[in-house]
Amino acid sequence: MRNWSISAGRILGVELRIHLTFVFLLALVLLTDSASPHTTTPARGLGLVGIIFASVILHELGHALVSRREGLIAKAVILLPIGGVTLFDESQQPGDAQLPIWKRDSRIALAGPAANLVIAAVAAGILSLVSPEINLWAKPYVHSSNLARSVVWVNLLLAAFNLLPAYPMDGGRVLRAFFARQMDSVSATKRAVTIGQTFAALFMFTGMLWNIWMTMIGFFLFLAGQLEERSAVFQSVLETVRLEDIMLTDFATLSPADTLEDALEKAVHSLQDDFPVIRGSDMVGVISRQKILQVLRMEGNGYVQAVMNKIFEVAQKKESLASAFRKLTARNLSIIPIVEDQRLVGIVTLQNLMHSMALLAESRKLRKTALNS
């Protein structure tokens, strides 16, 4: 999903990314406006898109602010036409370990609709004072011909849709949190996704008979549910697989006394992109193939010791993949040495991590197929 989005800056330290489906929203708004008996202009159509866009941003910021209060740091928000997806910093641990996870998740989920309801109430109050001639109950509720009224109804509709028990909407997240009290997180997610996709199918069917907007909502809901389910399964694998299951035990090392040309020669005969630097039996740094090439091109030959990265994390064999990911992302690293009794016994790199994850997923799928047959 992140690959299908573009950066739109940062707000309160959170990166905002716009999903490309907003292009479809723009086209749909202009199409429905042009087919409407109410006269309007393309500029007002863009204004309506802007209202939806701003409402979704404030909805997601509500999630981000409450999640920060609960100890989860949001690092990016991907904006979709009917909501968004918040990406959390996996290197951070929740602050209040005493608070049950289902309560924390419920609070974060309800913060988005609450933000929209507050905006709708404030906007309605201002309109009743400044422009009492505007009838908030007149149809169409959301249309570019009356942007002021649309501010109220866009936020009310966003809150209402997100409160439906249809995962991954916020109401569905609360439902998933309720299920998670009685079962593991993957099973809870799958059950909530099944309910959510039932709503999605209902929206799409209703939309074909009544309103194209319902079809669009159903489509995004179905797609987002699938993505969330895959993410939950992936996170489950991260928590259950140990580093000893996927670490590389046959790997090349470098010495701090190696020249960069010697290091490059060793790198040519290795599939590794990152190398531990060893002095005697001690690990003293790490260096990447890219760093070796970069320094050779810019400064010429030298020694590994002068350019290696002396800041690195180590891990134990019994640690989980989730722990490795947190360590990799905390300092933007690409390699983690695995030690046992202060001895280097293996390495985990981002490269082999992604390959291993794909193989583990395929292995589990084959075992599941064999058990069912």
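Ala200 and Gly218 make their closest contact through CB-O, 3.4 Å (heavy atoms, listed as atom of the first residue, atom of the second, distance). Minimum interatomic distance between Leu260 and Gly300 (heavy atoms only, all atoms of both residues): CD1-O, 4.1 Å. Minimum heavy-atom separation, Ile338 to Gln316: CG2-C, 4.0 Å. Closest of all the heavy-atom pairs between Ser67 and Ala64 is OG-O, 2.7 Å. Scanning both residues, Gly346 and Met247, for their nearest heavy atoms gives CA-SD, 4.2 Å. Closest approach of Met308 and Gly285 over heavy atoms only: SD-CA, 4.1 Å.
Residues Phe312 and Met283 have side chains in contact (heavy-atom distance under 4.5 Å, counting atoms from C-beta outward). Taking 4.5 Å as the limit, some side-chain heavy atom of Ile195 sits within range of a side-chain heavy atom of Phe179. In this structure the side chain of Ile119 never reaches within 4.5 angstrom of the side chain of Ser55, judged on heavy atoms. Within the 4.5 Å cutoff, no side-chain heavy atoms of Val286 are placed close to those of Val277. Put simply, the side chain of Phe161 does not reach to within 4.5 Å of the side chain of Leu221, judged on heavy atoms. Counting only heavy atoms from C-beta outward, the side chains of Ile11 and Glu60 never approach each other to under 4.5 Å.
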Handout entry: Derivation and outcome, side chain to side chain contact (heavy atoms under 4.5 Å, CB included), residues Phe178 and Val174
Key = CA-CA 6 Å; Phe178 174 78; Val174 174; 5.9 Å; no
Exercise for the section: Report the C-alpha separation of Leu158 and Leu58 in whole Å, then their side-chain angles, then the decisive distance to 0.1 Å, and conclude whether the side chain to side chain contact (heavy atoms under 4.5 Å, CB included) test is met. Expected result: CA-CA 11 Å; Leu158 268 176; Leu58 293 171; over 6 Å; no
Exercise for the section: Decide side chain to side chain contact (heavy atoms under 4.5 Å, CB included) for Thr349 and Gln272; before the verdict, give the C-alpha distance in whole Å, the side-chain angles of both, and the deciding distance to 0.1 Å. Expected result: CA-CA 8 Å; Thr349 68; Gln272 291 171 228; 6.0 Å; no
Problem - side chain to side chain contact (heavy atoms under 4.5 Å, CB included) between Trp210 and Phe205, worked out - result: CA-CA 9 Å; Trp210 177 51; Phe205 178 75; over 6 Å; no
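Note on Trp137 and Leu127: same hydrophobic cluster, where clusters join Ile, Leu, Val, Met, Phe, Trp and Tyr whose side-chain heavy atoms are under 4.5 Å apart, directly or indirectly. In the hydrophobic clustering of ILVMFWY residues, with side-chain heavy atoms under 4.5 Å counting as a link, Val345 and Ile278 come out apart. Note on Leu254 and Leu344: separate hydrophobic clusters, where clusters join Ile, Leu, Val, Met, Phe, Trp and Tyr whose side-chain heavy atoms are under 4.5 Å apart, directly or indirectly. Under the 4.5 Å side-chain heavy-atom criterion for grouping Ile, Leu, Val, Met, Phe, Trp and Tyr, Leu61 is connected to Val77 within one hydrophobic cluster. Hydrophobic clustering of Ile, Leu, Val, Met, Phe, Trp and Tyr side chains at less than 4.5 Å, counting indirect connections, keeps Leu163 apart from Ile108.
Expressed to the nearest 0.5 Å, how far CG of Asn301 lies from OG1 of Thr259 amounts to 4.5 Å. How far CG of Leu110 is from CG of Asn162: 10.5 Å, rounded to the nearest 0.5 Å. Summarising the geometry, atom OG belonging to Ser106 is positioned 10.0 Å from atom CG belonging to Leu175; distances are rounded to the nearest 0.5 Å. Here the CD-CZ distance, from Gln182 to Arg191, works out to 8.0 Å after rounding to the nearest 0.5 Å. Of the inter-residue distances, the one linking Ile336 atom CD1 with Ser323 atom OG reads 7.0 Å to the nearest 0.5 angstrom. The CG atom of Leu293 sits 12.0 Å away from atom NZ of Lys291, with the distance rounded to the nearest 0.5 Å.
In Gln290, the CD atom is not crowded: 12 or fewer heavy atoms of neighbouring residues, nucleotides or ligands sit closer than 6.0 Å. A 6.0 Å sphere centred on CZ of Arg69 holds no more than 12 heavy atoms belonging to other residues, nucleotides or ligands. Few gaps surround CG on Leu209; more than 12 heavy atoms of other groups in view lie less than 6.0 Å from it.
Within the 3.5 Å criterion, the main-chain N or O of Ser288 finds no donor-acceptor partner in the side chain of Asp274. Checking side-chain atoms of Ser270 against main-chain N and O of Ala267 turns up no donor-acceptor pair under 3.5 Å. Judged by distance alone, the side chain of Asp258 and the main-chain N or O of Val304 form no donor-acceptor pair under 3.5 Å. Not a single donor-acceptor pair under 3.5 Å links the side chain of Thr206 to the backbone N or O of Phe203. Using a distance-only test at 3.5 Å, with no hydrogens or angles considered, no donor-acceptor pair links the side chain of Asp105 to the main chain of Trp102. Side-chain N or O atoms of Arg242 include none that pairs as donor or acceptor with a backbone N or O of Lys317 at under 3.5 Å. The backbone N or O of Asn135 lies less than 3.5 Å from a partner atom in the side chain of Arg149, making a donor-acceptor pair.
Note: Tyr141 and Trp153 have parallel aromatic rings, judged against thresholds of 30 and 60 degrees for the angle between ring planes. Classified by interplanar angle (parallel below 30°, tilted 30° to 60°, perpendicular above 60°), the ring pair His59/His63 is perpendicular.
Under the ring-ring contact (aromatic ring centres under 6.0 Å, His included) criterion, Phe275 pairs with no residue, sequence neighbours left out.
Of the residues Leu147, Ile51, Val56, the one that meets the side chain to side chain contact (heavy atoms under 4.5 Å, CB included) test with Val154 is Ile51.
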